[in-house]
Asks: 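Handing you this structure, nothing more for now.
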Amino acid sequence: EIGQQHVDEAMEPLRGVPGVHILRTGVRGGLTSLFTRGLNSNHTAVLLEGFEVTRDGGQFFELDTLTTDAVGGIEILRGPQSALYGSDAVGGVVNFRIPRGNGPGRVRPSIEFGSYASNREKVSVQGGDDRFGFNFEASRFEQSNGRIDHSANEIQGATGRFDFDLSDRTRLMVVVRAPEDDLLQFSNASGPRFDPLLDPDANGEKDSLLVGLDFGTWITDWWDAHVQLQHYALNRDSFDDPDLVDPFGLFNTIDEYTKGVAHLYSRFYPCKWDTVTVGVEFEDQELESMSQLFNFDVFPPVATSNLVE
């Protein structure tokens with residue numbers, strides 16, 4: 001269904017879903033927020049094939065970099081889901097599904113051109129059998145002439161899912177996602193309508209890496225157990241070198257965030273219409289943030305305390 005819509009941004013298919021509202025500031029690459037049932041944007045958990053990517057209120061995840069690479073469908077749970085997904089899921093859960101690859105191996109390249117001097121290149125590789133499956137897609141989107149001045153951006157990345165059936169009851173799934181976003185941004189003006197002096201050196205860079213591993217086995221026909229390991233890292237930089245518009249330079253900020261999660265859970269199926277889930281989770285987070293003004297350090301690096309759940 002996602003492929004039939006021919007959309008590149010993963011948030012676009014959600015615009016027509018009742019109770020879900022998408023808000024983006026400025027052009028593509030700008031701040032993007034997801035609201036469910038009128039609650040705050042940090043009250044909706046976002047998952048990629050079951051791996052949580054918006055812990056801590058979503059402040060360390062960039063929704064604008066989430067593309068439809070390898071995504072085959074979207075699951076939406078509206079309403080409180082905190083019992084399973086934590087306090088981030090007060091408003092609901094959005095899970096972007098990556099289908100397992102099957103059939104003979106195939107490669108599908110594509111290239112597109114559009115308005116505002118935009119172009120998109122994409123290549124997907126899929127295939128699999130009863131024991132192994134792979135679904136990998138890489139893409140690059142560039143817009144060199146946005147609808148307003150100084151709004152060019154480039155988003156590139158890759159997403160993949162790899163499945164290994166170790167036996168009839170045991171499987172291993174690996175999910176990888178690595179996007180990168182380069183964006184020209186305003187530093188001292190809201191746009192050409194308000195200030196003709198746009199800072200040509202103001203720009204932002206964002207890159208992240210998600211690696212998730214899910215090892216699951218069916219112990220009996222009514223009981224399965226899973227071990228889920230996840231690593232997530234985000235580097236977010238904003239730069240503004242001195243120039244004629246701003247000879248002294250503006251704030252330069254650098255954020256480096258890493259998170260590791262170990263999740264052990266079991267599901268019991270006492271009957272066809274009921275599922276009982278129990279589990280335990282360990283989470284470790286680190287944040288280093290640096291700000292500079294006039295090339296002098298204003299705030300030293302700081303690190304968040306570790307979190308255990």
Side-chain angles (χ1 to χ4, degrees), residues 1-8 10 13 45-53 66-77 81 84-85 93-110 121-139 157-179 209-232 260-281:
E1 181 180 352
I2 298 297
Q4 295 176 356
Q5 297 184 25
H6 298 284
V7 294
D8 183 51
V46 178
L47 284 65
L48 181 66
E49 192 52 43
F51 294 96
E52 297 184 47
V53 294
L66 187 57
T67 64
T68 56
D69 291 350
V71 173
I74 305 175
E75 295 177 344
I76 303 174
L77 299 177
Q81 307 292 332
L84 286 178
Y85 300 100
V93 178
V94 177
N95 183 25
F96 293 90
R97 299 302 307 272
I98 304 176
R100 172 173 174 154
N102 58 75
R106 55 197 180 276
V107 179
R108 180 180 300 173
S110 67
E121 302 83 34
K122 179 180 294 188
V123 58
S124 62
V125 183
Q126 298 182 17
D129 52 26
D130 295 337
R131 291 296 183 182
F132 174 68
F134 58 93
N135 183 0
F136 178 83
E137 193 163 279
S139 68
T159 303
R161 169 180 170 172
F162 307 90
D163 293 89
F164 307 87
D165 291 348
L166 306 180
S167 69
D168 293 338
R169 289 181 172 266
T170 304
R171 71 169 181 84
L172 174 66
M173 179 182 67
V174 180
V175 173
V176 180
R177 178 177 180 268
L209 173 65
L210 169 68
V211 179
L213 182 149
D214 188 301
F215 176 82
T217 182
W218 284 87
I219 300 174
T220 66
D221 292 338
W222 50 269
W223 176 19
D224 66 353
H226 292 259
V227 176
Q228 198 175 78
L229 304 177
Q230 175 182 338
H231 171 77
Y232 176 71
V261 179
H263 188 195
L264 173 64
Y265 65 96
S266 288
R267 293 178 297 195
F268 302 88
Y269 307 90
C271 52
K272 293 182 179 180
W273 59 85
D274 194 14
T275 302
V276 179
T277 303
V278 295
V280 62
E281 180 178 281

Asks: Test your reading of the model: is there a side-chain donor-acceptor pair from Gln230 to the backbone of Glu52, 3.5 Å cut-off?
Replies: yes

Asks: To the nearest 0.5 Å, how far apart are CG in Asp214 and CE in Met173?
Replies: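 Between atom CG of Asp214 and atom CE of Met173 there are 4.5 Å.
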
Asks: Tell me, do Val261 and Tyr232 make a side-chain contact under 4.5 Å, heavy atoms counted?
Replies: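 No. Closest side-chain heavy atoms not under 4.5 Å.
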
Asks: When you look at Thr170 and Phe215, which way does the side chain to side chain contact (heavy atoms under 4.5 Å, CB included) test go after all the steps?
Replies: CA-CA 8 Å; Thr170 304; Phe215 176 82; 3.5 Å; yes

Asks: Has the side chain of Arg97 got a donor or acceptor atom that lies under 3.5 Å from a matching backbone atom of Asn95?
Replies: no

Asks: Give the minimum heavy-atom separation between Val107 and Pro109, together with the two atoms involved.
Replies: O-CD, 3.8 Å

Asks: Give a yes or no on whether the backbone of Val71 and the side-chain of Thr68 come within a donor-acceptor separation of less than 3.5 Å.
Replies: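 No, Thr68 side chain to Val71 backbone: no donor-acceptor pair under 3.5 Å.
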
Asks: Not counting sequence neighbours, which residues clear side-chain contact (heavy atoms from CB on, under 4.5 Å) with Arg100? List them please.
Replies: Arg161, Asp163, Asp165

Asks: Mind checking what makes ring pair (Phe, Tyr, Trp, His ring centres under 6.0 Å) contact with Phe132, not counting sequence neighbours?
Replies: Phe134, Phe164

Asks: Which residues pass the ring pair (Phe, Tyr, Trp, His ring centres under 6.0 Å) test with Trp218, sequence neighbours left out?
Replies: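 Ring pair (Phe, Tyr, Trp, His ring centres under 6.0 Å) check on Trp218 returns Tyr269.
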
Asks: To the nearest 0.5 angstrom, please state how far the CG atom of Asn135 sits from the CG atom of Asp69.
Replies: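 Going from CG on Asn135 over to CG on Asp69, the span is 10.0 Å.
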
Asks: Minimum heavy-atom separation for Val93 to Gln81, with atom names?
Replies: CG2-CB, 3.7 Å

Asks: Under 3.5 Å, side chain of Glu137 to main-chain N/O of Ser124, donor-acceptor pair present?
Replies: no

Asks: With sequence neighbours excluded, what pairs up with Asp130 under the salt bridge (Lys or Arg N to Asp or Glu O under 4.0 Å) test?
Replies: none

Asks: For a quick test of reading the model, state the closest non-hydrogen atom pair linking Leu48 to Arg177 and the distance between them.
Replies: CD2-CD, 3.6 Å

Asks: Considering all heavy atoms of both residues, which atom of Phe51 and which atom of Leu229 are nearest to each other, and what is their separation?
Replies: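 Heavy atoms only, the tightest pair is CE2-O, 3.9 Å.
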
Asks: Of all heavy-atom pairs between Ala70 and Thr159, which one has the smallest distance, and what is that distance?
Replies: CB-O, 3.9 Å

Asks: Output all residues satisfying side chain to side chain donor-acceptor pair (under 3.5 Å) with His263, sequence neighbours left out; order by chain, then residue number.
Replies: none

Asks: Would you say His231 and Leu213 make side-chain contact, with heavy atoms under 4.5 Å?
Replies: no

Asks: For a quick test of reading the model, state the closest non-hydrogen atom pair linking Phe136 to Ala138 and the distance between them.
Replies: CE2-CB, 4.2 Å

Asks: Between atom CG of Asp224 and atom CZ of Arg169, what is the distance when rounded to the nearest 0.5 Å?
Replies: 10.5 Å

Asks: List for me each residue that meets salt bridge (Lys or Arg N to Asp or Glu O under 4.0 Å) alongside Asp274, sequence neighbours excluded, and say none if there are none.
Replies: none

Asks: Has Arg106 got more than 12 heavy atoms of other residues, nucleotides or ligands less than 6.0 Å from its CZ?
Replies: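 More than 12 heavy atoms, drawn from other residues, nucleotides or ligands, come within 6.0 Å of this atom.
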
